[in-house]
Every structure is written in structure tokens, then in C-alpha cells.
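Written below as C-alpha cells is the structure these notes are about.
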Amino acid sequence: MYSSLEMLYATHVIEGKRTIESVPASIRDNVQEIVVSSKKQEIEN
């Protein structure tokens with residue numbers, strides 16, 4: 001389960017408001033996982 005903060009950062013990365021490099025290092029891996037998962041689901045649908 002991801003935290004609300006991680007989900008918020010991931011949403012901003014997906015929407016292009018922020019880059020993955022600008023996400024704090026402590027949560028960057030989880031945010032990257034959310035972004036990749038979201039893009040995979042987008043492709044499958």
C-alpha cells in the first residue's frame with residue numbers, strides 16, 4: 001500500500017507537473033512503481 005504523499009507525487013509526475021528526479025529520494029522508488037504501473041494499465045486499456 002502506498003502513502004497518500006506517494007500517490008500525490010505520482011499523480012503530478014503522470015500529469016507532467018513534476019519530474020521523477022524532483023521527487024524526494026526517500027519515496028522516489030515507490031512513486032516510480034506507481035507511475036510505471038499506471039502507464040502499463042493505460043496501455044492495456
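Computation of the quantities below employed the complete heavy-atom set of this structure, encompassing side-chain atoms and omitting hydrogens, waters and symmetry-equivalent molecules.
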Between side-chain atoms of residues 29-45 and protein atoms elsewhere (two or more places apart, or another chain), which donor-acceptor pairs fall under 3.5 Å?
{"unit_1": "N30", "atom_1": "ND2", "unit_2": "E6", "atom_2": "OE2", "d": "2.8"}
{"unit_1": "E33", "atom_1": "OE1", "unit_2": "Y2", "atom_2": "OH", "d": "2.9"}
{"unit_1": "N45", "atom_1": "ND2", "unit_2": "Q41", "atom_2": "O", "d": "3.3"}

Residue set satisfying side-chain contact (heavy atoms from CB on, under 4.5 Å) with S26, at least two apart, ordered chain then number -> P24
Between R28 and E21 the two heavy atoms that sit nearest each other are NH2-O, 3.2 Å
same_hphob_cluster(I20, M7) at 4.5 Å side-chain heavy-atom cutoff
no
